[in-house]
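Chain letters run A, B, ... following the sequence lines, proteins first, then strands; residues in each count from 1.
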Amino acid sequence: MNRLELPFYSRPAIELAPALIGKILVRRIRRKVFRARIVETEAYVGAHDLACHASKGRTNRTDVMFGPAGRAYVYLIYGMYDMFNIVAGEIDDPQAVLIRAAEPLDAWEADLSGPGKLTRALQITRADNALPVTNDRLHLLDNPADRPRLAATPRIGIDYAREWKHELLRFVDPTSSALSSRFGLDASQLRGP
DNA sequence: GCGTCGATGGCA
DNA sequence: GCCATCGACGCG
């Protein structure tokens, strides 16, 4: 498997988010390497997207989203949880993909079934904000043998975003048992066998 | 299993 | 006064 390099991330969030399902997240903490298979993401598609933080304008917090793709956008929510995103799109077009859930690999026991739980277990914090996600301590691997089924649903926790709350911008591997709890999958959103 | 609530801090 | 959340708690 090969490390995903910066050009991989340089595309619209609506394309990057489903492309990240099945990819391997690699985190090194001191000497140990932890790997996890991404099973749930959300796309935040630009300044016109009322759920995207950049819709409020360019601030210290959202600045990284206006920069080049492939950098981490990590912010604190509810005073307690860091949210891990990867910047997508082009410079000055603020887009990002939130990594919401993953399955631990290599017999590593962890609950990564939610964006706050994932960052806590992997010790991803605001200290990682604006770092390219191509470094030795934090990066992704392609996983070409993994061809997950995909399902799309509305995004979680953005009821304030008016018409945008209905957009199908959350992507999951519907066969995973590690989707963010209470929002696993709506049976009505599955189709096919 | 479900709904409800509070923790807790940065931000506009 | 909000939050791109989570775990505890009360149900029955």
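Under the 4.0 Å criterion applied to side-chain N and carboxylate O atoms, Arg155(A) and Glu167(A) are not assigned as salt-bridge partners. Salt-bridge check for Arg58(A) with Asp92(A): passed, with a basic side-chain N closer than 4.0 Å to an acidic carboxylate O.
Contact check, Arg170(A) against dA4(C): no side-chain N or O comes under 4.0 Å of OP1 or OP2. Considering only side-chain N and O atoms, Lys117(A) lies under 4.0 angstrom from the phosphate OP1 or OP2 of dG7(C).
Using a 30° and 60° split on the angle between ring planes, His48(A) and Trp164(A) fall in the perpendicular class, above 60°.
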Where each pair must be Watson-Crick or G-U wobble with both distances under 3.5 Å, what dot-bracket representation of DNA chain B is obtained, with crossing pairs in [ ] and other-strand partners as |?
|||||||.|||.
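Residue contacts shown for Arg120(A) are absent, as no nucleic acid heavy atom lies under 4.0 Å away. Residue-level contact check: Met83(A) touches the backbone only, with heavy atoms under 4.0 Å from sugar-phosphate atoms and none from bases. Among the atoms of the strands shown, base atoms are found under 4.0 Å from some heavy atom of Gly79(A).
Protein atom CG of Leu169(A) is 12 Å distant from nucleotide atom C1' of dA4(C), rounded to whole Å. Atom OH of Tyr160(A) and atom C1' of dG1(C) are 15 Å apart (whole Å). We find that CG of Asp82(A) is positioned 12 Å from P of dC6(C), with the value rounded to whole Å. Spacing between atom CG of Asp63(A) and atom P of dC11(B) amounts to 13 Å, rounded to whole angstrom units. Atom CZ of Arg126(A) and atom C1' of dG10(B) are 8 Å apart (whole Å). Put simply, CD on Glu42(A) is 12 Å from C1' on dT5(C), counting in whole angstrom units. Distance CG (Asp111(A)) to P (dC6(C)): 9 Å, rounded to an integer number of Å. At whole-Å resolution of the value, NZ in Lys165(A) and P in dA4(C) are 14 Å apart.
Separation of the C1' atoms belonging to dG10(B) and dG7(C) is 22 Å when rounded to the nearest angstrom.
Asn60(A) CG: 12 or fewer foreign heavy atoms inside a 6.0 Å radius. For Ile24(A), the CD1 atom counts as densely surrounded, since its 6.0 Å shell holds more than 12 non-hydrogen atoms of other residues, nucleotides or ligands.
Atom CZ in Arg3(A) sits 10.5 Å away from atom CG in Leu140(A) (nearest 0.5 Å). In this structure, CG on Asp146(A) lies 8.0 Å from NZ on Lys23(A), to the nearest 0.5 angstrom.
Of the candidate nucleotides dG10(B), dA4(C), dC6(C), dC6(C) has the atom lying nearest to any side-chain atom of Tyr81(A). Each of dC6(C), dA4(C), dT8(B) was ranked by its minimum atom distance to the side chain of Met80(A); first place goes to dT8(B).
Linking ILVMFWY side-chain heavy atoms closer than 4.5 Å, directly or via other members, places Tyr81(A) and Leu98(A) in a single hydrophobic cluster. Hydrophobic clustering places Tyr44(A) together with Tyr73(A) (ILVMFWY residues linked when any side-chain heavy atoms are closer than 4.5 Å, directly or through intermediates).
Both the sub-6.0 Å distance and the 45° axial angle are satisfied by Arg11(A) relative to the ring of Phe8(A).
Listed by residue number, the members of residues 68-78 of chain A with any heavy atom below 4.0 angstrom from DNA chain B are Leu76(A), Tyr78(A).
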